[in-house]
S.K.: 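Please see the structure below; I have some questions.
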Amino acid sequence: MEKYNYKKHWDRAYHTPTSNLGWYENDPSATIELIQKSNISKNSLIFSAGAGSSLLIGNLLEIGYTNLIVNDISSKALKCLKSQIGETKNIKYIIDDLTNPTHLYDIDMVDMWHDRAVLHFFVHPLKQKTYFNLLKDKIKVGGYALFSEFAIGGANKCCGLDVLNYSDQMFEERLGNNFKLLESKKHLYKHPSNGNKRKYIYTLYRKIR
């Protein structure tokens, strides 16, 4: 059986206008609130996993964060993001697969790893293992991991793909004893254009050793 090409899948997805995508968020304040609660400095290194064309990145620049790494498997997604943000020296863009990385092994240690609506697409245990090994290897001691994923009882599919719904226990099993849960909250995402509602879980962890 031919291996599914996820890069092509996500490139196709981003031919759709960004505001029509099922995870489009016109108000990323829930994420920004948790980033600010971590009290990282404005020049701390923030890594955004599978960022797509998220408005969050532009919002972070506007409030003063100056050191961002933005990743996606889709070159089309990052092209969309660049077009909405414009030229800036404060962002490094990396096209790479979080479940089969090459370039991501070479990034600097990060102060904040942010993932909204990416991890839940990795339903195969080996993909999850690769992802979490990379995350644990690249977050500084004292750094943070922030997840916003489909919660238990949430959607089973998104963008034509199966998803895995998460709980605090599932995050903790995959992160291990070196991470401490600081905050977890339920979030009901409402798509701004079609009104669809989906259950998310927002969690903030700190790497303690």
Side-chain angles (χ1 to χ4, degrees), residues 2-16 18 21-25 28 31 35 40 44-58 60-61 65-140 143-150 158-164 166 171 174-175 179 205 207:
E2 184 179 356
K3 186 177 179 180
Y4 190 75
N5 191 320
Y6 288 96
K7 178 173 173 51
K8 286 185 178 179
H9 177 97
W10 292 113
D11 280 341
R12 285 195 301 268
Y14 279 94
H15 281 287
T16 302
T18 298
L21 295 171
W23 53 91
Y24 173 71
E25 186 177 44
T31 296
I35 292 175
I40 60 172
S44 295
L45 183 54
I46 299 175
F47 175 78
S48 188
S53 55
S54 171
L55 297 182
L56 172 69
I57 306 305
L60 290 176
L61 292 175
Y65 291 94
T66 61
N67 194 9
L68 309 177
I69 297 177
V70 176
N71 154 258
D72 207 278
I73 194 175
S74 168
S75 56
K76 175 68 175 174
L78 294 188
K79 184 178 179 180
C80 291
L81 184 60
K82 287 179 183 179
S83 68
Q84 76 185 26
I85 289 177
E87 291 297 322
T88 175
K89 63 181 181 180
N90 296 328
I91 299 179
K92 180 179 182 180
Y93 297 93
I94 299 178
I95 301 168
D96 205 357
D97 182 350
L98 289 156
T99 65
N100 187 25
T102 52
H103 309 300
L104 291 175
Y105 285 125
D106 298 325
I107 67 172
D108 292 335
M109 300 289 285
V110 305
D111 299 285
M112 170 75 71
W113 179 292
H114 165 256
D115 178 321
R116 180 183 180 273
V118 181
L119 172 61
H120 59 218
F121 284 106
F122 306 147
V123 296
H124 195 284
L126 286 178
K127 290 183 180 291
Q128 296 166 33
K129 183 177 180 180
T130 301
Y131 173 94
F132 277 100
N133 283 346
L134 177 67
L135 176 152
K136 289 184 279 189
D137 185 55
K138 288 300 177 180
I139 298 179
K140 298 175 183 176
Y144 299 86
L146 195 170
F147 302 102
S148 312
E149 315 297 340
F150 283 138
C158 184
C159 199
L161 299 175
D162 292 335
V163 297
L164 179 65
Y166 271 84
F171 286 121
R174 289 156 176 77
L175 287 169
F179 285 79
Y205 288 85
K207 186 175 182 181

S.K.: Side chains of Asn100 and Tyr6: closer than 4.5 Å at any heavy-atom pair?
M.R.: no

S.K.: Please work out which of the three classes, parallel, tilted or perpendicular, describes the rings of Tyr131 and Trp113, given edges at 30° and 60°.
M.R.: perpendicular

S.K.: If you round to the nearest 0.5 Å, how far is CG of Asn90 from CD1 of Ile85?
M.R.: 10.0 Å

S.K.: With rounding to the nearest 0.5 Å, note down the distance linking CD1 in Ile94 to CD1 in Ile73.
M.R.: 14.0 Å

S.K.: Looking only at non-hydrogen atoms, find the nearest pair between Arg174 and Leu164 and report the distance.
M.R.: NH2-CD2, 4.1 Å

S.K.: If you look at every heavy atom in Ser148 and Thr31, which pair is closest and at what distance?
M.R.: OG-OG1, 4.0 Å

S.K.: How long is the span from the NZ atom in Lys76 to the OG1 atom in Thr16, to the nearest 0.5 Å?
M.R.: 10.0 Å

S.K.: Which residue pairs pass the salt bridge (Lys or Arg N to Asp or Glu O under 4.0 Å) test with at least one member in residues 93-115, sequence neighbours excluded?
M.R.: Asp111-Lys140

S.K.: Could you check whether any side-chain N or O of Glu25 sits under 3.5 Å from a backbone N or O of Leu55, counting only pairs where one atom can act as donor and the other as acceptor?
M.R.: no

S.K.: Locate the shortest heavy-atom distance separating Cys80 from Tyr14; write the atom from each residue and the value.
M.R.: SG-O, 4.1 Å

S.K.: Does Lys82 make a cation-pi contact with Tyr93 (under 6.0 Å, within 45 degrees of the axis)?
M.R.: yes

S.K.: Less than 4.5 Å apart, any side-chain heavy atom of Ile139 and any of Tyr205?
M.R.: no

S.K.: What's the separation between atom CD1 in Ile95 and atom NZ in Lys7, rounded to the nearest 0.5 Å?
M.R.: 5.5 Å

S.K.: Would you check if the side chain of Glu149 reaches a backbone N or O of Arg116 as a donor-acceptor pair within less than 3.5 Å?
M.R.: no

S.K.: Decide yes or no for Leu119 and Phe132: does some side-chain heavy atom of the first lie under 4.5 Å from some side-chain heavy atom of the second?
M.R.: yes

S.K.: With a 4.5 Å heavy-atom cut-off, do Leu56 and Leu60 have their side chains touching?
M.R.: yes

S.K.: Quick one: are Thr99 and Phe121 in side-chain contact, heavy atoms under 4.5 Å?
M.R.: no

S.K.: Verify the ring-centre separation between Tyr166 and His120: is it less than 6.0 angstrom?
M.R.: no

S.K.: What's the spacing between Cys158 SG and Leu21 CG if we round to 0.5 Å?
M.R.: 9.0 Å

S.K.: Compare every heavy atom of Ile40 with every heavy atom of Ser44, then report the nearest pair and how far apart it is.
M.R.: OG-CB, 3.6 Å

S.K.: Atom CG of Asn71 and atom OG of Ser48: how far apart are they, to the nearest 0.5 Å?
M.R.: 8.0 Å

S.K.: Do the non-hydrogen side-chain atoms of Leu68 and Thr88 ever get within less than 4.5 Å of each other?
M.R.: no

S.K.: Can you name the closest pair of heavy atoms from Met109 and Leu45 and give their distance?
M.R.: O-CD2, 3.5 Å

S.K.: Could you pull out the closest heavy-atom pair between Gly50 and Leu98, with the gap in Å?
M.R.: N-CD1, 4.0 Å

S.K.: Considering only heavy atoms from C-beta outward, does the side chain of Leu104 approach that of Lys138 to under 4.5 Å?
M.R.: no

S.K.: Is the number of heavy atoms from other residues, nucleotides or ligands within 6.0 Å of NZ (Lys136) greater than 12?
M.R.: yes

S.K.: Any donor and acceptor pair, going by atom type alone, linking the side chain of His9 with main-chain N or O of Cys159 inside 3.5 Å?
M.R.: yes

S.K.: How about Trp23 and Val118: do any of their side-chain heavy atoms sit closer than 4.5 Å?
M.R.: no

